[in-house]
Amino acid sequence: MSLQPPNAERQIWMFTQMVRIRTFEERVKRTFIDHPGVIRGHTHLADGAEASIVGSLSHFREGDAALATYRCHGYPLALGSDPKAMMAEIYGRADGLCKGLGGSMHLTDVKRGFLGTSGIVGAGIPHAAGAAWSAQIRRKGNVVLSFFGDGASKQGAFHETLNIASLWKLPVVFVMENNGYNVVTTTAQEDASAAAGEPLAVKAKAHAMPGVTVDGTDPLAVYQTVGEAIERARAGQGPTLVESKVYRLSAHGNIIAPPGVPLHYPEHEAITVFGKREEYEAALRGDPVPRFRGALVQNGILTAAKADEISSRVASEMQEAVTFALNSPFPKVESALKYNFA
Amino acid sequence: MSLQPPNAERQIWMFTQMVRIRTFEERVKRTFIDHPGVIRGHTHLADGAEASIVGSLSHFREGDAALATYRCHGYPLALGSDPKAMMAEIYGRADGLCKGLGGSMHLTDVKRGFLGTSGIVGAGIPHAAGAAWSAQIRRKGNVVLSFFGDGASKQGAFHETLNIASLWKLPVVFVMENNGYNVVTTTAQEDASAAAGEPLAVKAKAHAMPGVTVDGTDPLAVYQTVGEAIERARAGQGPTLVESKVYRLSAHGNIIAPPGVPLHYPEHEAITVFGKREEYEAALRGDPVPRFRGALVQNGILTAAKADEISSRVASEMQEAVTFALNSPFPKVESALKYNFA
Amino acid sequence: MAKMPYVAAIDAGIHQEMRRDPDVLYFGQNLATTENHEFVAAYGADRVRVTPISETAEIGIAIGAAMAGLRPVVELYMAEFMLVAMDQVVNEAPRFRYMSGGQVKVPLVLKAGYGFTCGWAGQHTGSLTALFMGVPGLKVVIPSTAADAKGLMATAIRDDNPVVYLHHYMLTLEQGEVPDGEYLVPFGKAEVRRAGGDVTVVATGWMVPRALAAAEMLAKEGISAEVIDPRTVAPLDLETILKSVDKTGRVVLVDQATRHASVTAMIAADIAEHRFKALKAPVVQVTAADTTIPYSEPLEAHVIPDEARIVAAVRAVLM
Amino acid sequence: MAKMPYVAAIDAGIHQEMRRDPDVLYFGQNLATTENHEFVAAYGADRVRVTPISETAEIGIAIGAAMAGLRPVVELYMAEFMLVAMDQVVNEAPRFRYMSGGQVKVPLVLKAGYGFTCGWAGQHTGSLTALFMGVPGLKVVIPSTAADAKGLMATAIRDDNPVVYLHHYMLTLEQGEVPDGEYLVPFGKAEVRRAGGDVTVVATGWMVPRALAAAEMLAKEGISAEVIDPRTVAPLDLETILKSVDKTGRVVLVDQATRHASVTAMIAADIAEHRFKALKAPVVQVTAADTTIPYSEPLEAHVIPDEARIVAAVRAVLM
Ligand SMILES: Cc1ncc(C[n+]2csc(CCOP(=O)(O)OP(=O)(O)O)c2C)c(N)n1
Ligand SMILES: Cc1ncc(C[n+]2csc(CCOP(=O)(O)OP(=O)(O)O)c2C)c(N)n1
Ligand SMILES: [Mg+2]
Ligand SMILES: [Mg+2]
C-alpha cells in the first residue's frame with residue numbers, strides 16, 4: 001500500500017496540533033508551580049509524543065474511535081476537544097469534560113470519538129478491539145486506534161487481544177508508544193525482546209500480525225506508517241502493531257507523593273535515577289516540535305513568522321483554558337452520586 | 001547441543017511408563033462404567049500424550065520439579081508415584097495421594113517433585129517459573145518442567161511468564177502439549193498463528209526465546225528435543241518453548257454433565273461435534289503406545305513376549321490400584337476442615 | 001407457559017433478546033464452533049463467536065463493544081474464570097460511565113455458572129457473589145427458577161449497565177414453568193417463595209430449594225417460615241426483606257459461600273442496622289464451613305449448608 | 001524505640017526478615033532498577049528483582065517460589081493491580097496446601113497500598129479488603145500505625161500461608177514510635193486503641209485515626225468511645241470486639257469501602273448473631289457512599305467517612 005504524504009495545509013494543521021499539545025502540557029505542568037493543590041492525584045504528560053499522536057490521528061474519520069491510557073491529554077486535543085473543558089477536568093471543576101468525576105487520567109470525549117481511557121496498564125487494549133468489532137459488523141470502513149505504552153505489552157491483556165484481533169481481522173491499529181521506560185524501569189530491564197536487542201514490534205510475530213517500528217518523533221513517518229496500517233484495517237485485512245519510538249520529555253508523572261509532599265514534576269528518571277543526562281539531552285535535541293517546525297520552514301511550507309504566529313495563537317488559547325478552568329466552580333457534591341448507573 | 005539417545009534399558013523403561021499411563025487411564029475410564037458414581041466432577045485423561053510425558057520426564061533428576069494442569073494423571077506415574085494412592089485420590093478416598101481433598105484435577109506428589117496442578121487454564125505456568133527461580137538461586141543445576149495445553153497459550157499468564165523467564169534466564173522448559181483442541185474448539189479457530197498455518201512454537205519469538213516443535217507421539221524425538229532444552233536450562237542459558245504435537249485419544253473430559261446426567265466418556269469431539277471420523281482414525285493409527293512397542297520389537301530391544309509380559313504386569317498393577325482404591329474408606333468428615341492453613 | 005429446564009430458560013431469554021435487537025452479541029469459549037450451532041445458525045457469525053481462552057480480552061472486548069453501542073453477552077461458564085479478568089469486571093466495566101461523567105454506557109452481561117459442588121473440588125466450586133455485589137455500577141443477578149432464569153436474562157440484556165448473571169450449576173436441569181413470549185423480570189424485586197409468619201428465611205440460588213425444603217419440614221412441626229429469594233443482590237430489595245422481618249422478628253440467612261465471603265453477611269448487617277427494634281432473636285447465618293471445598297463426596301456434603309442445618313438454625317432463633 | 005514514618009517501618013519489617021532468613025525474596029515493579037537500590041545493595045540480585053508490569057506472572061511466580069521453599073514478598077503498589085491477577089490471589093495461592101492434602105505450603109506476602117483518596121479518582125482509590133477476607137487459606141493484614149506496619153510485616157513474612165498486606169496510602173508519612181530490633185506483632189489480636197465504656201467503635205487503616213479523632217470530639221461531650229483496630233481481618237479477633245460490645249452494648253463500625261463491599265458488614269453480621277442480647281442499639285455502619293470515587297476534591301471528601309459522620313453515628317446509637 002502506498003499513501004500520499006499530507007499536503008502543505010495538512011502539514012500545517014499537524015504542526016499546529018503538535019504545538020497545542022505541547023503548550024497544553026506545559027500549562028498543566030506549570031499549574032503545579034503557579035497554583036499548587038489545584039491538580040490532585042497522578043498526572044501524566046504527553047510531551048515528546050506529539051508527533052506520534054498527531055501523525056496517527058491525522059487519518060481519523062467520522063465514526064472512527066480512539067482509546068488510550070492515563071497518559072491521555074494529547075489525543076482529544078488533536079481530535080478537536082475543547083482545551084477549556086479538558087483543563088477544567090484536570091482541575092476537578094464542574095465544567096470539566098467529565099464533570100470533574102474522572103480527572104487527568106480519564107479524559108473522554110465520546111462526541112469526538114475518544115471513547116475511554118483506563119488507568120490500569122494494558123486494560124484498555126481489549127476495549128479498542130471491542131469497539132473494532134462494532135466497526136467490523138457495521139461495515140462502514142471505520143477503524144479504531146488503540147494507544148498504549150511499551151510497558152503495557154508486558155500485560156497478558158496485550159497478547160490476548162492481539163491474538164483475537166488478528167484471528168478475527170478486526171479493524172484496529174495498535175499504536176505502542178515506546179518511550180523506553182515504564183516509570184523508572186527501562187525496556188531492557190523488563191522486556192526479553194528489548195534485552196536481546198530486538199524491537200518490540202517483534203511481539204506481533206506471536207499473533208500472525210504485521211509489526212512495524214517507526215520513528216515516533218517524525219510526524220510524517222508516523223503519518224505514513226500508521227496510515228498504511230489504517231488502510232489495511234479499513235480494507236478488512238486486519239490489525240497491525242505499530243511500535244512508535246518516542247521519548248517522554250518530562251518525568252513519568254508528578255511523583256507518586258504521599259499526602260504532605262507537594263506534587264511536582266522533577267526531571268526525567270534518566271537523570272534523577274540513572275544519572276544519564278546525555279541520554280536525556282540527546283532526546284531533547286531530537287524534540288519533535290521544534291524539529292518539525294524547522295523542517296516546515298526549511299521546506300517553505302511555513303515561514304518563521306507564520307510559525308511564531310501559530311505558537312502565539314496557541315499560547316493564548318491555552319492561557320484561556322487555564323483561566324477558564326481556574327474560574328470554573330467545583331461540582332455540587334450531590335453530583336458525586338450520579339452516573340454510577342445508566 | 002547434542003544428546004545421546006537413551007540406551008536399551010532406558011527405552012524399555014520408557015515403554016513401560018507409557019504402558020502404565022495408558023493402562024491407568026483405561027482403568028479410570030472404565031470406572032465410569034464399572035463403578036458409576038465413584039468418580040465425581042471433571043476428569044481429564046492423558047491417553048495419546050504418553051510419549052510426550054515420558055520422553056520429557058526421562059531427564060528428571062533429584063531436585064528437579066514438574067508442574068501441570070488438571071490433565072495430570074500421567075506425570076506422577078512416570079515420576080514414581082504410587083498408582084494405588086493416585087486411584088484412591090480420584091475415587092475421593094482417605095488413602096488418596098491428597099487425602100481425597102484434591103481429586104483427579106489436582107494430583108500432587110511433592111516427594112517426587114510433582115509440585116502442583118492448577119485447574120485454571122494457564123495459571124500454573126508462572127508457578128513453574130517461580131520454582132525455577134528457586135532452582136536458579138540454589139545453583140544445583142536443577143530444572144523445572146511446565147506442562148500445559150495449546151489452549152493455555154491464549155491466556156495472558158503464558159506470555160507474561162515467558163517474557164520474565166527469558167529475561168531472567170530461568171531454568172525452566174515450557175512443554176506445550178498441542179493436541180489441536182481446547183475442548184471443542186480447534187487451534188485454528190482460536191489461535192491466529194494456527195489460523196495462519198504457523199506452528200504455535202512461533203509464540204516464543206515474542207520473548208526472545210527458542211521455540212521448537214516436536215512430534216509428541218514419538219518418545220525418542222521428545223527425549224531429544226526436551227532433553228536439549230533441559231541441558232540448556234541447566235547450563236544457565238534460559239528457557240525454551242517446546243511445542244509437542246499430540247492427539248488426545250479420548251474426549252476432553254467425562255462430559256461437563258449437570259447433576260442427574262450420568263458422567264461418562266463419549267467419543268472424541270472430532271467425531272461427535274465435527275463429524276471428522278477420519279481425523280480421529282488417523283490419530284489412532286499413530287497411537288504412540290503400540291507404535292513405540294512396534295519400534296522396540298523391530299529394533300530388537302524388546303521381544304514381543306517381553307512386551308506382553310510388561311503389559312500384563314502393568315495390567316495387574318492397575319487392577320490392584322482399582323481394588324485398593326475401591327476398598328479405601330472415605331476420609332473422616334472432620335478432615336474437610338484441615339489443611340486450609342499451614 | 002411451557003415446562004423446561006433452567007438451562008433452556010436461560011437460552012430462551014437470550015434468544016428473546018437476540019431476535020428483538022440486532023445489537024445483542026453472544027460469545028465465549030467453546031460455543032459456536034460449527035455452523036450448526038443454534039445461535040450461530042440463527043444470528044450469524046457477526047454476532048455469535050467462539051473465543052480463545054482469554055477471559056481478560058473477552059470481557060474487555062465486551063466492554064469496548066458496549067461503549068461502541070452493542071450489547072454483548074459473554075459466556076464465561078464458571079464464575080471462577082472471571083477471576084483472571086477481575087479488573088475488567090470490577091474496575092473497568094462499572095467505572096467508565098462514572099469517570100466519563102455519564103458520556104458512555106456499558107451494557108453487557110457476564111453469564112457464569114457457579115457452585116459446582118458435585119466433585120469439582122477446590123478451584124471450581126466457589127460462590128463468589130459477594131465479590132461483585134458491592135461494586136458501584138455493577139448489577140448482580142442470581143436466578144433460582146427457570147422462569148426467573150429467562151426473565152432476568154432478558155432484563156439483564158436490556159439493562160444499560162454491566163450485569164453479572166450467575167446461574168447455579170446444580171439447578172441446570174431443574175424443570176420449571178416458563179412464560180411464553182416476551183418475558184421480563186424486574187431487577188431489585190425480591191420474590192416471596194413461600195409465605196410464613198414465624199421466621200424469615202432469605203436464600204439465593206441453590207439454597208432457595210434447600211430453604212423451601214427446610215420450610216416444608218418445619219411446617220410439619222407447626223413452624224411457618226417465609227422464604228425470600230432476592231433474585232438480584234445488586235440492586236437488593238431490602239424493603240421486602242425488612243417488611244418480612246417486621247412481621248416475624250426472626251431471621252435465618254442461607255448462603256453457599258463461606259461466612260466472611262457471603263451475601264448473607266451484607267443482608268444481616270443491613271437488618272441489624274435497620275430493624276433492631278423488630279428483632280426478637282439473633283440474626284443467624286447458615287453458610288458454608290470456612291474451607292476450600294473438598295473433592296470427596298461426604299466431605300463436600302459436610303461443608304455445604306443443607307436442609308438439616310437450616311432447620312436447626314430456624315429452631316434456634318425460635319427458642 | 002525510634003520515631004519513623006509508617007512507610008519506613010514497613011521497610012524495616014522487610015529488612016528485619018531478609019537479614020534473618022536468606023529464603024526471603026523481595027520483588028515487584030519499579031524497584032531495584034539500579035545497584036544502589038537499598039534492598040538490592042543489601043541482599044543482592046538473586047533475592048531482589050524488578051519485574052515487568054505482569055501481576056499475574058509476578059504473583060504466580062511468588063506462588064511457585066513459595067512451593068519450592070522460598071518466602072517471596074511481592075511489591076504490588078496498589079491493591080487494584082491485584083485485580084488483574086485475582087485468580088492467583090484467591091484461587092491459586094490459598095488453594096494448593098488444601099488441595100494437596102497438606103503436602104505444600106505457600107508462604108508469601110502480597111504488599112499493596114490502598115485507599116488513594118487524594119485525587120486518584122475512579123480506578124486507584126478502592127478499599128478492596130473485603131474481597132480477600134473471606135477466602136479460606138488467605139490471611140489479611142491492615143496496619144494502621146508505624147509499629148504495627150513493621151511488626152505485622154515481619155509476622156506476615158514468617159507466616160507459612162499467603163498473606164495480603166494492605167497499607168494505607170494516606171498513612172504513608174504518619175510518624176510513630178517503632179520498637180528497635182526484632183519486632184513481631186501477632187495475627188488475630190485486635191488492639192484497643194482507646195478504652196471507653198459507652199460505645200464500641202471498630203475501624204481499620206486510615207479510618208482508625210479518624211475514629212480516634214471522633215472519639216476525642218465525643219469525649220468533650222462526655223461520651224466515652226472504645227476504639228478497636230482489628231489489625232488483621234483474617235484471622236479476625238472477634239473476641240476482643242464482642243467483649244467490648246458486652247461492656248458497651250452499642251457499636252459503630254467504620255469502613256472506607258462502600259457498604260456492600262465492606263469489612264464492617266462482616267463484623268456487624270457476626271455481632272448481630274453473637275451478641276443479640278448485649279445490644280442496646282442498632283449496629284450502625286459508617287461506610288463510603290455507594291459510588292465510584294470522584295476525582296474532584298469536594299466530591300471525594302463528600303463520599304468518604306469522616307469524623308463528623310462517625311460522631312453523628314455514635315450520637316445516633318446513644319439515643
Ligand atoms: C496493572 C497495572 N500495574 C501497574 C500500574 C502502575 N503503573 C501506572 S503507569 C505505569 C507505567 C506504564 O509504562 P508504559 O506502558 O511504558 O507507559 P508510559 O507511562 O511509559 O507511557 C505503571 C507501572 C498500573 N496502572 N496498572
Ligand atoms: C481461565 C480458564 N478458562 C476456562 C477454563 C475451562 N477449561 C478447562 S480445560 C479447557 C481447555 C484447555 O485447552 P488446552 O489448554 O488446549 O488443554 P487440553 O485440555 O487440550 O489438554 C478450558 C477452556 C479454565 N479451566 N480456566
Ligand atoms: Mg513507556
Ligand atoms: Mg489442547
Side-chain angles (χ1 to χ4, degrees), chain A residues 65 67 89 96-103 105-111 114-120 122-139 142 144 146 155-165 167-168 170 172 331 335-342, chain C residues 22-23 25 27 44-47 49-72 74 84-88 90-108 135-139 159-163 187 234-235:
Chain A
L67 294 95
E89 184 62 32
L97 200 55
C98 307
K99 305 193 170 69
L101 298 179
M105 290 197 275
H106 303 297
L107 299 184
T108 305
D109 195 347
V110 172
K111 284 212 192 83
F114 194 53
L115 286 197
T117 49
S118 177
I120 303 302
I125 303 176
H127 305 162
W133 185 359
S134 170
Q136 181 179 59
I137 67 182
R138 288 190 168 142
R139 295 187 170 73
N142 278 122
V144 179
S146 172
Q155 276 285 312
F158 166 81
H159 286 285
E160 291 189 2
T161 305
L162 261 65
N163 175 55
I164 297 180
L167 186 71
W168 293 357
L170 294 178
V172 53
S335 71
L337 301 181
K338 276 190 192 169
Y339 305 116
N340 282 295
F341 290 100
Chain C
D23 286 340
L25 309 177
F27 62 100
D46 267 6
R47 295 172 59 199
R49 289 187 187 174
V50 64
T51 66
I53 315 175
S54 304
E55 284 82 1
T56 303
E58 294 170 54
I59 300 174
I61 282 173
I63 293 170
M67 294 202 292
L70 301 175
R71 293 184 171 275
V74 191
V84 301
M86 201 63 174
D87 171 68
Q88 297 289 344
V90 312
N91 211 22
E92 307 291 331
R95 304 288 186 217
F96 278 94
R97 179 167 186 77
Y98 189 85
M99 299 191 310
S100 70
Q103 289 181 70
V104 294
K105 55 182 188 186
V106 187
L108 59 85
V135 180
L138 204 56
K139 297 191 177 179
D159 197 286
D160 274 341
N161 300 287
V163 178
F187 284 5

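In the text below, chain A, chain B and the rest are named by the order of the sequence lines, each starting its count at 1.
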(request) Can you tell which part of A:Ala123 gets under 4.5 Å to a heavy atom of chain C, answering side chain, backbone, both or neither? (result) both
(message) Heavy-atom cut-off 4.5 Å, strictly under: side chain, backbone, both or neither for A:Ala65 against chain C?
(response) neither
(message) Give me the atom names and distance for the closest heavy-atom approach of A:Arg138 to C:Asp23.
(response) NH2-OD1, 3.7 Å
(message) Looking at every heavy atom in both A:Trp133 and C:Asp46, which two are closest together, and how far apart are they?
(response) NE1-O, 3.0 Å
(request) Among A:Met105, A:Lys338, A:Glu160, single out the residue with the greatest number of heavy-atom pairs under 4.5 Å to chain C. (result) A:Glu160
(message) Looking at C:Gly137, is its backbone amide N or carbonyl O close enough to the side chain of A:Asn340 to form a donor-acceptor pair, meaning the two atoms are under 3.5 Å apart?
(response) no
(request) With a 4.5 angstrom heavy-atom cut-off, could you sort out which part of A:Ile125 is near chain C: side chain, backbone, both or neither? (result) neither
(message) Tell me which of these, C:Glu55, C:Met99, C:Arg47, C:Arg95, has more heavy-atom pairs under 4.5 Å with chain A than the rest.
(response) C:Met99
(message) Let's test your reading of the structure: which of A:Ile164, A:Thr161, A:Asn163 forms the most heavy-atom pairs below 4.5 Å with chain C?
(response) A:Ile164
(message) What part of A:Gln136 gets within 4.5 angstrom of chain C, counting heavy atoms only: side chain, backbone, both, or neither?
(response) side chain
(request) Answer yes or no: is there a donor N or O on one side and an acceptor on the other, between the side chain of C:Tyr98 and the main chain of A:Leu337, under 3.5 Å? (result) no
(request) Heavy-atom distances under 4.5 Å only: say whether A:Leu67 touches chain C with side chain, backbone, both or neither. (result) side chain
(message) Minimum heavy-atom separation for A:His127 and C:Gly60, please, with both atom names.
(response) CD2-O, 3.2 Å
(message) Given heavy-atom pairs under 4.5 angstrom as the criterion, report whether the side chain, backbone, both or neither of C:Leu138 touches chain A.
(response) backbone
(message) If we define contacts as heavy-atom pairs under 4.5 Å, which of C:Ala57, C:Ala66, C:Pro136 has the most with chain A?
(response) C:Ala57
(request) Using a cut-off of under 4.5 Å on heavy-atom pairs, state which of C:Asp87, C:Asp160, C:Val106, C:Val104 scores highest against chain A. (result) C:Asp87
(request) Nearest 0.5 Å please: distance from the CG atom of A:Leu170 over to the CD1 atom of C:Ile61. (result) 6.5 Å
(request) Can you tell which part of C:Asp159 gets under 4.5 Å to a heavy atom of chain A, answering side chain, backbone, both or neither? (result) neither
(message) With rounding to the nearest 0.5 angstrom, report the CE to OG1 distance, C:Met67 to A:Thr108.
(response) 8.0 Å
(request) Select, from C:Gln103, C:Glu58, C:Lys139, the one with the greatest count of heavy-atom pairs under 4.5 Å involving chain A. (result) C:Gln103
(request) Looking only at non-hydrogen atoms, find the nearest pair between C:Ser100 and A:Cys98 and report the distance. (result) C-CB, 3.6 Å
(request) Work out which heavy atom in A:Tyr339 is nearest to a heavy atom in C:Arg97; give both atom names and the distance. (result) O-CG, 3.4 Å
